[in-house]
Each structure stands twice: as C-alpha cells, then as structure tokens.
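From a predicted model like this one, the values you see are computed outputs, not experimental measurements. For this chain, numbers begin at 1 and follow the sequence in order. Just follow the structure's listing: the first ligand is 1, and inside any ligand the first atom is 1.
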Amino acid sequence: MNYYNSIIDTIGNTPLVKLNKVTKGIRGTVLAKIEYFNPGNSVKDRIAIRMIEDAEARGIIKPGGTIIEGTSGNTGMGLALAAIGKGYKCIFTMADKQSKEKIDILRAVGAEVVVCPTNVAPDDPRSYYSVAKRLNRDIPNSLYPNQYDNLANTAAHYETTGPEIWRDTDGKITHFAAGVGTGGTICGTSKFLKEQNPAIVSIGLDTYGSVFKKYKETGIFDEGEIYPYLTEGIGEDILPKNVDFDLIDQFVKVTDKDAAIMTRRLAREEGLFVGWSCGTAVHGALEWAKDHLTDDDVLVILLPDHGTRYLAKIYNDTWMKDHGFLEDRAFKTARDIIHHKTGGPTDRRSQLTTIGSGVSVSQAIHVLNRYGISQIPVTDDTGHIVGSLTDSAILNKLIEDPTVKDHPVSEVMDKPFKFVGLDNTIDALSSLIDRDNKALLVRDEKEQVHIITQADLLAAMTS
Ligand code: PMP
C-alpha cells in the first residue's frame with residue numbers, strides 16, 4: 001500500500017513548472033516552484049510544522065497547549081493543520097486588510113481568528129503583532145511561534161525548499177527569486193543554494209510601501225517609505241530576524257497593480273491559479289531578467305500560494321475596476337462592442353436580424369447564408385424572442401433526419417440567447433459565451449436589441 005500516515009507527511013516536494021507564455025522575450029529557462037501543492041495550499045506549511053517541532057523539542061509547548069500567531073493566513077493554515085495532527089488549539093491574529101476568505105478558511109479548520117486594524121504602528125497595542133504577544137503572555141502553555149523572528153522558519157527552507165530546487169534543477173539553477181515577507185523563504189533557500197554554488201544570484205521581491213529595498217541599498221530604515229499597500233504576504237514595516245540581507249543580492253519593487261495583472265495572466269496564460277504575491281514575484285523577477293538573464297541561465301521563481309484566497313479581490317473584475325487595476329482591454333464593455341460593430345446606434349447595421357418561429361428550416365438556412373451569419377434569434381408572431389438557431393445545431397439535426405428541412409423552426413430551435421447588461425466587460429462576456437451559449441443579447445439605451453457573438457468579442461479584443 002502506498003499512503004501517508006498523516007496529511008503533514010505530504011508537505012514539500014512541490015513541482016517545478018516551466019513558464020512558457022509570460023516569459024516571451026526573456027532569455028534562459030524560467031521555472032516556477034508551485035507551493036500550492038502543499039496540503040494547506042501554501043509555502044507556509046513547511047515552516048509551520050518546523051516551528052512547532054522545534055518548540056516541542058525545546059519544551060516550550062506541552063500536549064494540550066495553544067498556538068498563537070500573527071499571520072496573513074497562510075502560516076495560520078499550516079499551523080492549524082499541524083495542530084490538528086498534534087492536538088493543539090490555535091488562535092490567530094490577523095490584519096483587517098486580509099482577504100475574508102483567508103479568515104473563513106482558518107475558522108473552517110477549527111482556529112479562532114482575532115481581526116486587528118491594519119493601519120496602526122507595529123508597536124501599537126491594537127496591531128496584530130501586539131495582540132498575539134499579549135495573548136501569549138496571558139494564556140498558559142501557549143506557544144507564539146513568531147514566524148518573523150523564529151529562525152526555524154529559515155531553517156525549514158534551508159532543509160527542504162533549497163535542496164528540492166537544487167535536486168530538481170540538477171544543480172543548474174543560476175538565479176532564485178522570491179517575495180520577501182518574513183524573509184524565511186528567500187534566506188533559507190538562498191543559503192542552501194549559495195552553499196552549493198556561490199555564484200547563484202538571489203532576487204528578493206518587495207512592495208512599494210515596504211522598507212526592505214531601501215534598507216538593503218542604503219542601510220537606512222526609512223519610516224518615510226512605509227505606507228499602506230494592498231498586496232498580501234510580502235513587504236514589511238519591520239526588519240524580521242529571518243531577513244538576512246547578506247543572502248539577498250538585490251531587491252526589486254513591484255506595484256500592487258502590476259502584481260495583480262501578472263497574477264491574472266498566470267492563471268489565464270499558464271494555467272497557474274495562484275495568489276497575488278505570485279504575480280509580484282513573477283513580474284519583478286521577469287523585469288529584472290530582461291536585462292540580466294542569458295540563454296544558459298536557469299531562473300527559479302517561488303510561487304507561494306493558491307488563487308482561491310483572492311477570488312473576491314484580484315480575480316474579481318469589479319474589485320479590479322474599483323482599484324483602477326484592469327488593463328484597458330478589459331475595460332471594454334458590451335456597449336463598446338455594439339458601437340464598434342455597428343458604427344453607432346443610428347447605423348442601419350445595428351438592426352437585429354431575426355427569424356420567425358413558423359418558417360421552415362430550409363428558409364432559415366437561406367437567411368443565415370444570405371446574411372453570412374452563424375446564429376440567429378427566433379421570434380414569435382408578436383416579435384418576442386422565443387428561441388435561437390445556430391448553423392451547427394441545424395447541421396446536427398439534418399444529419400440525424402434530413403426531412404427536418406421542411407419542419408418549422410419552432411420544432412428545432414434551442415432556448416433563446418441570454419440577455420446581458422450593457423456594462424458587462426469583455427472578460428465577463430467571454431465567460432458567458434460557450435458551447436451551449438453561442439451568442440448573447442444586449443438591450444441598448446433605446447431598448448433596441450443587439451447580438452454579440454464570439455466573432456464580435458474577438459474583433460473587439462484585437463481592435
Ligand atoms: N506570499 C505570501 C502569500 C505569504 O503569505 C508570504 C508569507 N508572509 C510570503 C509571500 C513571503 O514569504 P516569507 O515570509 O517566507 O518571506
């Protein structure tokens with residue numbers, strides 16, 4: 001039998017996957033290490049179990065104890081899974097900018113979550129760092145792993161992430177890139193890799209609003225650099241002990257918007273449904289790679305977590321629009337498509353071609369051919385849309401029964417095409433057009449009905 005003794009044993013050994021589309025124009029090989037393959041769907045499973053076992057070995061926590069941590073969600077998930085296996089309780093403090101999904105997920109695995117304000121200084125008693133420390137003081141037999149300053153975090157990556165990358169690239173890795181939050185990922189992994197080959201270059205991705213890049217370059221901890229930003233999991237307003245600046249060769253800063261857009265591209269172009277900081281890592285690493293990578297180089301970028309935790313944010317068009325993050329193309333709406341194809345509402349071409357439900361199928365085919373169209377709404381005697389016809393559906397029915405050509409359209413038609421609102425974006429429209437729904441209908445401001453087909457979407461996207 002081939003099985004694991006507990007879910008904890010499935011942590012690590014995540015795959016390296018080559019990036020093929022978003023790397024256009026970049027020399028060398030770019031590989032992504034996909035950490036959502038861990039059971040808690042993030043890189044943090046690795047450090048959670050390592051920090052708990054380290055505390056057990058040092059006698060800091062005993063059976064029946066409580067684990068308390070300030071976490072952006074992923075470490076909490078890792079700790080919660082480990083705690084279930086080991087019989088501990090969990091209380092997590094979290095900043096209120098974090099996704100609601102992250103909070104719900106932690107509660108789903110039995111943890112208690114205390115939500116704290118984001119926009120207060122780290123030493124403010126209300127901050128999630130301070131609340132975690134206070135709970136740790138007040139609750140007996142509790143462990144505050146403190147992923148920021150606990151060096152078991154870096155050790156986990158030194159012992160697992162680094163060796164896996166070295167093994168899976170057959171020692172050919174030349175560059176390693178990862179976002180920097182606690183610093184554990186980049187420093188533990190880089191320490192191992194640099195011990196194997198000191199020439200390996202380590203690139204840390206930072207956010208605007210965080211102190212890391214300036215500190216690395218000038219040695220100055222500049223409070224003026226600190227301001228609230230949206231990207232979750234990376235960048236800091238403190239200097240965690242896990243950040244060893246000697247192990248990070250340079251920092252690249254990435255905006256919330258560039259990160260969000262790249263994250264969506266990873267999902268659509270690479271099939272990698274990953275979290276926001278993955279977009280940060282890929283965008284920043286590739287910007288740097290443009291000027292530095294050569295044909296023989298192998299760049300590994302670590303992607304920390306999964307996309308589900310960001311569904312209500314960067315994967316939501318409305319949220320993206322509200323933050324001004326959508327690319328211009330995605331801002332196009334059904335209204336633009338109609339205007340694009342008809343030359344405006346007064347153009348004669350904006351008249352919708354329909355067919356009556358009583359006419360014969362052969363007459364319908366004639367109409368489709370005359371207008372050079374593949375689909376048509378069907379109306380009843382009063383002009384109401386009661387169905388739809390597509391050339392492929394007619395063809396299938398004729399193959400089954402050639403006499404169908406003399407039947408009325410009402411006998412062979414499919415259900416009417418769906419109506420959508422004028423302000424639906426191209427992204428939303430394209431998700432509604434599929435094999436069962438070949439076209440969409442839109443009513444304009446003058447109550448006139450228009451049809452939008454796949455061909456119209458393509459034309460609008462490429463215009
Ligand atoms: N991305 C996400 C989503 C994270 O939760 C974290 C952890 N804070 C990181 C990146 C950064 O990893 P590290 O803490 O190891 O620097």
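Interface atoms of ligand 1 facing T185, defined by a heavy-atom separation under 4.0 Å, are 12 (O), 13 (P), 15 (O). When each atom of ligand 1 is checked for a heavy atom of S277 under 4.0 Å away, the hits are 1 (N), 2 (C), 3 (C), 10 (C). Every atom of ligand 1 is numbered from 1 in the order shown, and the set under 4.0 Å from a heavy atom of V180 is 16 (O). With ligand atoms numbered from 1 in the order given, ligand 1 contributes 13 (P), 14 (O), 15 (O), 16 (O) to contacts under 4.0 Å with heavy atoms of T182.
Look at Y310 and you'll find a heavy atom under 4.0 Å from some atom of ligand 1. By the 4.0 Å heavy-atom criterion, I186 is excluded from the residues contacting ligand 1. The shortest heavy-atom distance from R309 to ligand 1 is not under 4.0 Å. Between G183 and ligand 1 there is a heavy-atom distance shorter than 4.0 Å.
Distances between N or O atoms of E232 and those of ligand 1 include no value under 3.5 Å. Looking at ligand 1, you won't find any N or O of H157 less than 3.5 Å from one of its N or O atoms. The N/O atoms of K102, backbone and side chain alike, include none that comes under 3.5 Å of an N/O atom in ligand 1. Considering backbone and side-chain N/O atoms, P304 never comes within less than 3.5 Å of an N/O atom of ligand 1.
Ring planes of Y215 and F245: tilted class, angle from 30 to 60°.
The existence of a salt bridge linking R107 and E112 is excluded, since no basic side-chain nitrogen approaches an acidic carboxylate oxygen closer than 4.0 Å. Using a 4.0 Å cut-off between charged side-chain N and carboxylate O, D104 and R309 make no salt bridge. Look at E56 and K86 and you find a salt bridge, because one of the NZ, NE, NH1 or NH2 atoms lies within 4.0 Å of a carboxylate O, short of that distance.
In this structure, K191 forms a cation-pi arrangement with Y158, its terminal cationic atom sitting closer than 6.0 Å to the ring centre and no more than 45° off the ring axis. Under the 6.0 Å distance and 45° angle rule, K253 counts as a cation-pi partner of Y208.
Contact annotation for Q147 and ligand 1: no heavy atom of the residue comes within less than 4.0 Å of the ligand.
Judged as a ring-ring contact (aromatic ring centres under 6.0 Å, His included), and not counting sequence neighbours, F37 has no contacts. Under the rule for a ring-ring contact (aromatic ring centres under 6.0 Å, His included), the partners of W288 that lie at least two apart in sequence or sit in another chain are H175, H292.
A centroid separation of 6.0 Å or more is found between the aromatic rings of F273 and Y36.
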